[in-house]
K.L.:
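One structure follows; several queries about it will come next.
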Amino acid sequence: EKIEADAIPEVANKEPMRDLVRLTRMPVAAAEYTVSRTYLDWLVTLPWQKRTDEVIDLPKTKGILDADHSGLERAKDRILEYLAVRKLNPDVKGPILCFAGPPGVGKTSLAKSIAASLGRTFVRVSLGGMRDEAEIRGHRRTYIGALPGQIIQGIRRAESRNPVFILDEIDKLGNDFRGDPASALLEVLDPEQNNSFRDHYLDVPFDLSEVLFITTANVLHPIPPALRDRMEVLEIPGYTEEEKLAIARDHLVQKQIVNHGLTPEQLTITDEAIRAVVHGYTREAGVRNLEREIGALCRKAARWRAEGAEAPLTVTPLVVTEMLGAPTFMDEEMEERTKDPGVAIGLAWTPAGGDVLFIEASRMAGSSTLTITGQLGDVMKESARAALSWFRAHAATYGADPEFFKNAEIHLHVPSGAIPKDGPSAGITIATALASALTRRPVRGDIAMTGEITLSGRVLPVGGIKENVLAARRVAIRENILPRHNEKNVNEDLNEDLRRELTIHYVHSVDEVLLLALTPPASEAKPRPDRKTARRVQAPLQ
């Protein structure tokens with residue numbers, strides 16, 4: 001009766017009926033009886049025809065997305081575009097969206113908001129550390145304790161054939177002798193194939209084409225190319241200081257006050273206090289540590305009230321310092337770090353957002369040796385060699401001895417030495433530090449740069465532009481040197497207010513970088529114009 005009532009499709013109906021006939025002829029005490037009975041239970045409890053009626057209301061969806069998340073405009077626009085197409089054509093195959101970004105920027109919660117706005121059920125499976133292919137495709141029924149894979153288990157939990165299904169941490173998949181889960185996902189995440197997904201345990205096709213799959217990842221490079229090709233990647237970069245302030249004010253503060261048994265009348269956290277926490281106690285792309293620090297403020301206030309204090313408490317920047325101690329992050333004096341020749345300020349992308357990188361170069365007596373320290377990867381070492389070769393070929397242009405490397409040792413160091421670093425984006429910074437050390441011209445302390453260098457002196461584009469620019473802004477650097485081909489990234493990823501307060505120089509060659517970054521030789525030194533005058537002069541270069 002259940003098999004007939006569940007309306008199992010004809011292509012999948014033969015198998016359960018065949019097993020049912022076997023079951024009727026099998027004694028209850030037989031070892032096979034429980035295996036067949038469990039198998040039939042799985043088949044009749046799957047939602048073969050059950051669907052959740054979705055209500056596509058674009059204004060409502062936009063309202064939910066805006067209420068739950070500040071910023072993330074590109075991701076929200078793509079979601080609304082998908083829903084608009086689905087409203088006009090309900091039979092369209094769902095895309096496989098991949099939200100890629102640093103921890104704490106709201107990738108998983110964004111997927112939950114999509115499910116809530118559609119009225120669909122929500123299923124989440126974490127792929128982090130998964131090494132067994134059977135976790136995706138299920139075990140053969142011949143194994144003891146066999147079960148379907150996580151995909152079919154999630155569909156049964158949802159009790160619907162069209163849930164919003166999130167596959168978390170797809171970049172953390174592993175593989176070993178038991179199989180490769182990433183390869184098993186190829187069929188699941190391919191709209192052309194997943195209408196007849198065959199789990200090893202069920203051994204009958206199940207239609208996954210109505211499921212809205214959403215995956216999340218911190219970085220993309222560990223994902224196999226074939227799997228990445230099946231997904232539409234939406235980059236979710238870090239938040240600006242203003243966006244963090246809005247998120248804290250609209251969501252985090254109220255949540256933490258309630259969680260700690262307080263009321264808004266008993267505890268008030270000012271905007272200036274939130275800015276102090278963002279600036280001095282958290283250096284991250286997301287807001288996870290910001291929420292923890294706000295929770296720490298609420299704990300201190302809760303203890304204060306539990307000890308008998310009844311007066312309402314207003315948290316100001318001074319109170320933040322008293323409660324949390326001295327700031328964890330202090331702004332370094334950039335002018336101080338770069339006052340000596342041979343130190344340049346670079347920008348680097350990390351999985352947790354952008355970071356500022358100091359690159360130091362020094363020349364000493366030796367014999368044509370290049371020493372590189374700071375736990376640099378192979379790509380950065382190659383950038384250092386390319387930068388040195390370029391400067392040796394153009395030394396005379398900058399007033400340096402073309403034979404300087406014959407009787408010299410060049411030492412390049414990138415603090416902090418305990419942190420591994422790699423990537424091509426430090427190429428022009430290394431070239432600038434070398435040129436500064438060898439010409440004895442200090443690098444400006446109010447300018448940061450990123451870009452890949454070639455032997456011919458060209459500056460090639462790099463990724464993570466928004467994260468890099470925000471990292472410079474956090475340490476009060478408002479002037480940046482970027483590759484010319486990254487101009488489109490600046491226009492797309494940075495809002496108008498952020499672009500207005502920055503001075504960005506787009507360059508094609510290392511010569512342009514050195515012209516902007518190096519201070520004039522002592523014989524040509526002129527009084528430095530103030531910042532306002534400098535920005536007016538540099539505006540045409542943007």
Side-chain angles (χ1 to χ4, degrees), residues 337-338 340-350 354-398 400-444 447-464 468 471 480-483 486 507-518:
R337 284 292 297 267
T338 58
D340 296 323
V343 183
I345 305 172
L347 301 172
W349 178 91
T350 70
D355 204 0
V356 172
L357 209 62
F358 290 94
I359 294 182
E360 302 176 350
S362 178
R363 177 189 177 185
M364 63 210 80
S367 56
S368 303
T369 308
L370 174 63
T371 304
I372 305 172
T373 55
Q375 280 213 56
L376 306 189
D378 291 339
V379 177
M380 270 186 102
K381 289 177 181 176
E382 290 174 1
S383 294
R385 295 188 187 102
L388 178 60
S389 296
W390 179 86
F391 189 78
R392 288 178 65 189
H394 298 80
T397 308
Y398 293 93
D401 179 10
E403 304 292 326
F404 72 88
F405 197 54
K406 187 174 292 185
N407 298 309
E409 178 180 345
I410 305 295
H411 188 160
L412 277 170
H413 179 64
V414 185
S416 301
I419 301 172
K421 314 166 192 72
D422 201 9
S425 60
I428 63 172
T429 317
I430 294 172
T432 304
L434 282 170
S436 171
L438 296 168
T439 61
R440 308 306 298 165
R441 293 166 58 185
V443 180
R444 290 171 51 191
I447 196 165
M449 63 195 78
T450 182
E452 184 176 359
I453 188 175
T454 69
L455 275 180
S456 60
R458 294 187 62 80
V459 180
L460 302 183
V462 293
N468 290 343
N480 298 278
I481 298 174
L482 302 179
N486 281 126
V507 296
H508 280 297
S509 66
V510 183
D511 289 317
E512 297 175 58
V513 175
L514 300 183
L515 185 64
L516 290 163
L518 296 181

K.L.:
How many angstroms lie between atom OG1 of Thr454 and atom CD1 of Ile428, to the nearest 0.5 angstrom?
P.N.:
11.5 Å

K.L.:
Between Arg444 (side chain) and Leu516 (backbone), is there a donor-acceptor pair under 3.5 Å?
P.N.:
yes

K.L.:
Can you tell me how far the CZ atom of Arg363 sits from the CD atom of Glu409, to the nearest 0.5 Å?
P.N.:
12.0 Å

K.L.:
Strictly distance-based, threshold 3.5 Å: is any side-chain N or O of Thr432 a donor or acceptor partner for the main-chain N or O of Ala344?
P.N.:
no

K.L.:
How many angstroms lie between atom CG of Leu370 and atom CG of Leu388, to the nearest 0.5 angstrom?
P.N.:
5.5 Å

K.L.:
So, does Lys381 use its side chain to make a donor-acceptor pair with the main chain of Ile372 at under 3.5 Å?
P.N.:
no

K.L.:
Restricting to non-hydrogen atoms, name the atom on Ala348 and the atom on Ser425 that form the minimum distance, rounded to 0.1 Å.
P.N.:
CA-OG, 4.4 Å

K.L.:
Kindly write out the residues that satisfy ring-ring contact (aromatic ring centres under 6.0 Å, His included) with His394, not counting sequence neighbours, or none if the list is empty.
P.N.:
Trp390

K.L.:
Provide the closest heavy-atom pair for Val443 versus Leu518 in the form atom of the first, atom of the second, distance.
P.N.:
CG2-CD2, 3.9 Å

K.L.:
For the backbone of Gly342 and the side chain of Ser436, can you confirm whether one donor and one acceptor N or O come within less than 3.5 Å of each other?
P.N.:
yes

K.L.:
One pair to check against side-chain contact (heavy atoms from CB on, under 4.5 Å): Ile345 and Leu357. What are the steps and the verdict?
P.N.:
CA-CA 6 Å; Ile345 305 172; Leu357 209 62; over 6 Å; no

K.L.:
Work out which heavy atom in Gly427 is nearest to a heavy atom in Ile453; give both atom names and the distance.
P.N.:
CA-CG2, 3.7 Å

K.L.:
Return yes if a side-chain donor-acceptor contact under 3.5 Å exists between Thr373 and His413, otherwise no.
P.N.:
yes

K.L.:
What's the spacing between Met364 CE and Thr371 OG1 if we round to 0.5 Å?
P.N.:
7.0 Å

K.L.:
Ignoring hydrogens and geometry, is there a side-chain-to-backbone donor-acceptor pair from Asp422 to Val379 under 3.5 Å?
P.N.:
yes

K.L.:
What is the distance from atom CG of Leu434 to atom CD1 of Ile410, rounded to the nearest 0.5 Å?
P.N.:
6.5 Å

K.L.:
Ignoring hydrogens and angles, tell me if any N or O in the side chain of Asn407 forms a donor-acceptor pair with the backbone of Gly366 under 3.5 Å.
P.N.:
no

K.L.:
Can you tell me how far apart CZ (Phe391) and CZ (Phe405) are? Round to the nearest 0.5 Å.
P.N.:
12.5 Å

K.L.:
Which heavy atom in Ala426 sits nearest to a heavy atom in Met380, and how many Å separate them?
P.N.:
CB-CE, 3.6 Å

K.L.:
Less than 4.0 Å between a side-chain N and a carboxylate O, is that true for Lys406 and Glu403?
P.N.:
yes

K.L.:
What are the two closest heavy atoms between Trp349 and Asn468, and how far apart are they?
P.N.:
N-OD1, 3.4 Å

